[in-house]
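Numbered from 1 within each chain, the chains take letters A, B, ... in sequence-line order.
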Number of protein chains: 2
Amino acid sequence: MTEKEKALIEAKANILKALGHPTRLWMAEQLAGGEKCVCELAENINADFSTVSKHLTVLKQAGVVEVDKRGKQVYYRLKVPCILNFMPCVEAVLQATAQSHIELMDQKRPIGQIDAV
Amino acid sequence: MTEKEKALIEAKANILKALGHPTRLWMAEQLAGGEKCVCELAENINADFSTVSKHLTVLKQAGVVEVDKRGKQVYYRLKVPCILNFMPCVEAVLQATAQSHIELMDQKRPIGQIDAV
DNA sequence: TGCACATTTGGTCGTTTTACCATACGTCAA
DNA sequence: TTGACGTATGGTAAAACGACCAAATGTGCA
């Protein structure tokens with residue numbers, strides 16, 4: 001792996017990492033409906049303003065959102081909206097995992113007691 | 001936000017977080033080419049076997065990969081291959097960020113010294 | 001049975017992350 | 001200009017993460 005490839009992987013991982021926190025993912029999803037000011041985001045989750053601000057900074061540094069200061073308020077919006085197109089597949093992973101769990105449960109189901117499957 | 005919605009967000013964030021590490025993202029990309037045993041993954045990166053194993057465990061727990069033990073070896077494969085369809089958009093984020101940087105540089109460019117853009 | 005190999009697990013330690021508090025900053029209105 | 005408001009930043013403590021080492025587990029072969 002070249003240095004360049006390595007840097008690319010790190011950059012991409014960083015974006016995924018930025019979205020890999022419940023609060024930040026929630027924020028990104030909120031922004032899918034259009035830009036929001038910090039206050040709008042903050043009042044919808046149970047967190048300190050400074051915490052919200054820091055999460056938004058993480059998203060901004062990752063390049064996921066961009067900022068627009070207008071008057072006293074700061075508006076954030078998705079920079080590259082396709083970022084949320086990913087969610088259906090993420091949900092598919094959850095489904096698949098749930099499915100595995102179900103299958104696991106099936107194996108344990110006392111009815112039938114089938115050994116060979 | 002209901003408890004259920006909260007749990008869903010957390011589950012999704014957990015998947016993104018799992019992919020949000022350079023080594024794990026690299027592994028996922030490797031597995032896009034088909035299943036690989038731990039040894040194959042380990043020999044391609046400069047890391048301890050135990051480190052590789054632990055990263056794979058994280059991916060497995062997130063539901064991103066699944067395991068198949070055959071003989072002495074353990075094979076991992078993507079459970080939901082669409083997980084990597086996301087990458088073009090992630091790269092678009094990088095591009096957009098790079099673009100911003102370029103624009104930023106443009107503003108600083110001494111040639112012309114244009115104030116109003 | 002016992003060894004060798006492939007992988008996992010447990011432990012430790014330094015680093016990073018995160019939430020909260022207090023405080024600073026910038027903008028608008030009076 | 002001053003105060004109030006919206007947001008960002010700095011500091012701190014607790015928790016989570018990540019890398020490495022050592023040791024355990026499981027599997028196939030001699």
Side-chain angles (χ1 to χ4, degrees), chain A residues 1 6-7 9-28 30-31 34-77 79, chain B residues 1 6-7 9-28 30-31 34-77 79:
Chain A
M1 185 156 52
K6 198 176 158 193
I9 283 275
E10 280 173 7
K12 291 193 288 184
N14 198 48
I15 292 169
L16 293 167
K17 187 175 167 188
L19 291 167
H21 184 286
T23 301
R24 292 194 294 264
L25 182 56
W26 176 84
M27 286 170 163
Q30 292 300 302
L31 297 181
E35 67 174 16
K36 298 242 181 316
C37 70
V38 179
C39 53
E40 287 175 285
L41 293 169
E43 76 185 12
N44 279 300
I45 55 174
N46 189 24
D48 202 273
F49 252 78
S50 68
T51 301
V52 170
S53 180
K54 277 177 184 171
H55 279 307
L56 285 166
T57 300
V58 172
L59 287 174
K60 186 175 62 180
Q61 296 208 98
V64 173
V65 302
E66 56 189 0
V67 181
D68 194 9
K69 301 189 184 188
R70 292 205 296 277
K72 273 194 285 191
Q73 293 175 328
V74 178
Y75 290 86
Y76 282 84
R77 61 171 167 271
K79 193 165 178 180
Chain B
M1 186 155 50
K6 197 176 158 194
I9 283 276
E10 279 172 8
K12 291 192 288 185
N14 198 47
I15 291 169
L16 292 166
K17 188 175 166 187
L19 291 168
H21 185 285
T23 301
R24 292 195 294 263
L25 182 57
W26 176 83
M27 286 171 162
Q30 292 301 301
L31 297 180
E35 66 172 18
K36 298 243 182 314
C37 70
V38 179
C39 53
E40 288 175 284
L41 294 169
E43 76 186 9
N44 279 300
I45 56 174
N46 188 24
D48 202 272
F49 252 77
S50 66
T51 300
V52 171
S53 180
K54 279 177 182 171
H55 280 307
L56 286 166
T57 300
V58 172
L59 288 173
K60 186 174 61 181
Q61 298 209 95
V64 173
V65 302
E66 55 189 0
V67 181
D68 194 9
K69 300 189 184 188
R70 291 204 299 277
K72 273 194 286 192
Q73 293 174 327
V74 178
Y75 290 85
Y76 282 84
R77 61 170 166 272
K79 192 166 180 181

- [ ] Only pairs at least two apart or in different chains count here, so list each side-chain hydrogen bond (donor to acceptor under 3.5 Å, both in side chains) that has a residue in residues 51-62 of chain A.
- [x] A:R24-A:H55

- [ ] Would you mind reading off the distance between B:M27 atom CE and C:dT7 atom P, rounded to a whole angstrom?
- [x] 11 Å

Open item on the list: Tell me which one of A:K12, A:E10, A:K17 satisfies side chain to side chain contact (heavy atoms under 4.5 Å, CB included) with B:L25.
Closed with: A:K12

Task: Integer-rounded Å distance: D:dG18 P and A:N14 CG - done: 13 Å

Open item on the list: Taking only side-chain N and O atoms of A:K17, does any of them lie within less than 4.0 angstrom of OP1 or OP2 on C:dT17?
Closed with: yes

Open item on the list: Could you report the tightest heavy-atom contact between B:A13 and A:P22, atom names first, then the distance?
Closed with: CB-N, 3.5 Å

Open item on the list: At less than 3.5 Å, do the side-chain atoms of B:K54 and the base atoms of C:dG11 form a donor-acceptor pair?
Closed with: yes

Task: Length of the line joining A:Q73:CD and C:dA29:P, which is rounded to integer Å - done: 12 Å

Open item on the list: Strictly below 4.0 Å: does A:R24 bring a side-chain N or O up to OP1 or OP2 of C:dT18?
Closed with: yes

Task: Base of D:dG6 paired with side chain of A:K69 (donor-acceptor, under 3.5 Å) - done: no

Task: Given DNA chain C, 5'-ward residue of the pair A:T23 and B:V74, judged by closest heavy atom - done: B:V74

TODO: With rounding to the nearest 0.5 Å, note down the distance linking OG1 in B:T23 to CD1 in A:I9.
DONE: 9.0 Å

Task: Among C:dT16, D:dA8, C:dT8, the one nearest A:Y76 by side-chain distance - done: D:dA8

Task: Residue-phosphate contact under 4.0 Å: B:H55 side-chain N/O, D:dC17 OP1/OP2 - done: no

Open item on the list: Looking at every heavy atom in both B:E66 and B:K79, which two are closest together, and how far apart are they?
Closed with: OE1-CG, 3.7 Å

TODO: Measure the spacing between OH of B:Y75 and CD of B:E40 and express it to the nearest 0.5 Å.
DONE: 6.5 Å

Task: Integer-rounded Å distance: C:dA6 P and B:E35 CD - done: 17 Å

TODO: Would you kindly give the CD-to-P distance between A:E10 and D:dG18, to the nearest whole Å?
DONE: 13 Å

- [ ] For A:Y75 and D:dA8, give me the distance from atom OH to atom P, rounded to whole Å.
- [x] 13 Å

Task: A:N44 vs A:W26, side-chain contact (heavy atoms from CB on, under 4.5 Å): CA-CA, chis, key distance, verdict - done: CA-CA 10 Å; A:N44 279 300; A:W26 176 84; 3.5 Å; yes

Task: Minimum-distance nucleotide (side-chain atoms of B:K72 versus C:dC5, C:dC28, D:dC20) - done: C:dC5

- [ ] Give the nucleotide from the list D:dA8, C:dT18, C:dT9 with an atom nearest to the side chain of B:T57.
- [x] C:dT9

TODO: Kindly state which residues belonging to residues 39-53 of chain B come within less than 4.0 angstrom of DNA chain D, counting heavy atoms of the residue only, listed by number.
DONE: B:D48, B:S50, B:T51

- [ ] Using atom NZ of A:K36 as one end and atom C1' of D:dT7 as the other, report the distance to the nearest whole Å.
- [x] 18 Å

Task: For atom CG of B:D68 and atom P of C:dA6, their distance in whole Å - done: 18 Å

